[in-house]
Amino acid sequence: MISRVLAADLPRHVGGRVRIAGWVHRRRRLKTVTFLVIRDRSGLAQAVLAEPGGPPEETVIEVEGLVTANPQAPGGLELTEPSVGLLSEPAEPPPFDLYRPSVRAALPTVLDNAAVALRHPRPKEVFTIAAASVAGFRSALDGLGFTETHTPKIVSSATESGANVFGIDYFGQRAFLAQSPQFYKQALVGVFERVYEVGPVFRAEPHDTARHLAQYTSLDAELGFIDGHHDVMTVLRETIAGMAAAVPEAGVEVPEEIPMIHFAEAQELIARLSGEDPRGEPDLAPAHERLLSDWALREHGSEFLFVTGYPMVKRPFYTHPDPERPGYSNSFDLLFRGLELVTGGQRLHRHADYLAALAARGESAGPYRDYLAVFAHGMPPHGGFALGLERWTARLLGLPNVRQATLFPRDLHRLTP
């Protein structure tokens, strides 16, 4: 019995008979011959039938034939003298042609038919790059002594003061889908010192934009025994460099030192360059993120820019204030090509500071009892960051909508497929 050979491996079998298997990517029927292009996980291969006919596109088949050189065929090779066998019933036609260079359908149609659309080589490659990016994330942090963890996604309290969470019925109790592994990864610093996680997070934010999702994949890291948020930024730079190295075809260069600007100075710069006056605002508008990124590329030759010291009023209660400028925080965002990609910073680590921070915001410590207990038992200075995989992938590939980098998007209007 001839074992299956992948399309990409056919050059090693020229002159021999092989068996390939996959989907009929395209069927071209001429008067006396039919060309079948077969798609498998490695690429495309062509088989030549000596008569018109052949199964329709997307039918799963196996083909046994002689590997023959032909410069006109995909990869310069084709199978001649083939024997074709069906591995499933003849397929119904897909909602749009998958053999064309790009998917010729509007994004809603593509998303409605995602399981089929993703078979097309171009959108499929997006998620191959996403997978490689995650591998680069893991590899970089493994090399820095981090331990991978897996924390609950059903939680008893909201991570950030109860806003924008999905509530669920948990055996008669009120529970929530986790916005973040934040509380758990902090607790695990007390176990492993350095931890990371790759997993889903859920945000009930009523945003219907090209950059927001209700569920996305978060790449989180947390590390202990830091001197401040700049230590976290150093680890993040190494992590981003590892992710970029894992996808060299994207051509992203991460500078040895990513330029940085304090939030207050960033607002001054925006006022000077744009004629607007954002001073006093607690956050950056999307247009301002783009302006700052353009400035960083122009002045520093960097597609990345750290904005540090965001106002405390805009950061979660567990954020460590800047000791020298208490209204500002030891936190940062990393902008990449005009978009906020990563948020991170130093956390509080003393139990008394948490109680004071909650009281200052008019919140009770009761809902956070288990979380706060960790700090009563001794925690080192620590901090971390979170990166959205879909945003990274979309920005990396220049995709205008984050849904194009999401396998089966969940947003304000979409719950299927």
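In this chain, numbering begins with 1 at the start of the sequence shown.
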- prompt: Between E390 and T217, do the side chains contain an N or O donor and an N or O acceptor separated by less than 3.5 Å?
  reply: yes
message: For F137 together with Y196, are the ring centres under 6.0 Å from each other?
response: yes
- request: Mark yes or no for whether R194, through its side chain, and L223, through its backbone, hold a donor-acceptor pair below 3.5 Å.
  value: no
field: Between T151 and E197: side-chain donor-acceptor atoms closer than 3.5 Å
entry: yes
- prompt: Are the side chain of Q404 and the backbone N or O of N401 linked by a donor-acceptor pair below 3.5 Å?
  reply: yes
message: Measuring only between side-chain heavy atoms, which start at C-beta, is V342 closer than 4.5 Å to L335?
response: no
message: When you measure from the side chain of T68 to the backbone of L66, do you find a donor-acceptor pair of N or O atoms at a distance under 3.5 Å?
response: yes
message: Rounded at 0.5 Å granularity, tell me how far CG in D322 sits from NE2 in H229.
response: 7.0 Å
- request: Verify the distance criterion only: is there a donor paired with an acceptor across the side chains of E281 and H288 at less than 3.5 Å?
  value: no
task: Go through the side-chain N and O atoms of D283 and Y310 and say whether any donor and acceptor fall under 3.5 Å apart.
output: no
task: Give a yes or no answer on whether the side chain of D169 reaches the backbone of G172 with a donor-acceptor pair at less than 3.5 Å.
output: yes
query: Heavy atoms, side chains only, cut-off 4.5 Å: are P381 and D227 in contact?
result: no
- prompt: Taking all non-hydrogen atoms of both residues, which atom of L118 and which atom of L407 are closest, and how far apart?
  reply: CD1-CD2, 3.7 Å
- prompt: Below 4.5 Å, heavy atoms only, C-beta onward: do I226 and Q346 meet side chain to side chain?
  reply: yes
task: Please check if the side chain of R203 supplies one atom and the backbone of Q179 the other of a donor-acceptor pair under 3.5 Å.
output: yes
message: For a quick check under 3.5 Å, do H382 and Q186 share a side-chain donor-acceptor pair by atom type?
response: yes
message: Quick test of your reading of the model: are R237 and E257 salt-bridged, counting only N-O distances below 4.0 Å?
response: no
Option from Y318, Y368, Y371 for which side-chain hydrogen bond (donor to acceptor under 3.5 Å, both in side chains) with Y354 holds: Y371
message: With no hydrogens and no angle check, just 3.5 Å: does a side-chain donor-acceptor pair link R315 and S331?
response: yes
message: Check whether T209 reaches the backbone of R211 with its side chain - one donor and one acceptor, N or O, closer than 3.5 Å.
response: yes
Residues F332, F385; criterion ring pair (Phe, Tyr, Trp, His ring centres under 6.0 Å); working and verdict: CA-CA 9 Å; F332 61 84; F385 59 84; 7.4 Å; no
field: Sub-4.5 Å side-chain heavy-atom contact between L98 and V116
entry: yes
- line: So side chain to side chain donor-acceptor pair (under 3.5 Å) across residues 109-121, not counting sequence neighbours, yields E58-R119, D112-R414
field: Heavy-atom donor-acceptor pair, S180 side chain to Q182 backbone, under 3.5 Å
entry: yes
message: Testing the basics here: between R403 and D208, what is the closest heavy-atom pair and its distance to 0.1 Å?
response: NH2-OD1, 4.0 Å
task: May I ask you to decide whether R279 forms a salt bridge with E268, counting only side-chain N to carboxylate O separations under 4.0 Å?
output: yes
message: According to side chain to side chain contact (heavy atoms under 4.5 Å, CB included), who are the partners of H150, at least two apart in sequence or on a separate chain?
response: E148
message: Just so I know, are the side chains of K153 and L177 near enough to count as touching, which here means a heavy-atom distance under 4.5 Å?
response: no
Between S329 and T319, a side-chain donor and acceptor under 3.5 Å: no
task: Check whether any side-chain heavy atom of L213 sits under 4.5 Å from a side-chain heavy atom of Q215, and report yes or no.
output: no
message: Could you check whether E303 pairs with R337 (Lys NZ or Arg NE/NH1/NH2 to Asp/Glu carboxylate O, under 4.0 Å)?
response: yes
- prompt: Thinking salt bridges, do E57 and R26 make one under a 4.0 Å N-O criterion?
  reply: no
- prompt: H13 and D9: which non-hydrogen atoms are nearest, and at how many Å?
  reply: CD2-O, 3.2 Å
message: Assess, by modelled atom type and distance only, whether the side chains of D411 and H212 contain a donor and an acceptor separated by less than 3.5 Å.
response: no
- request: Indicate the ring-plane relationship of Y328 and H262, choosing parallel, tilted or perpendicular according to the 30° and 60° boundaries.
  value: perpendicular
- prompt: Is there side-chain contact between L284 and L292, with at least one heavy-atom pair below 4.5 Å?
  reply: yes
- request: Determine, for E62 against R4, whether the closest basic-nitrogen to carboxylate-oxygen distance falls under 4.0 angstrom.
  value: no
task: For the residue pair T59 and W23, confirm or rule out a side-chain donor-acceptor distance under 3.5 Å.
output: no
query: Under a 4.5 Å cut-off applied to non-hydrogen side-chain atoms, are L36 and P55 in contact?
result: yes
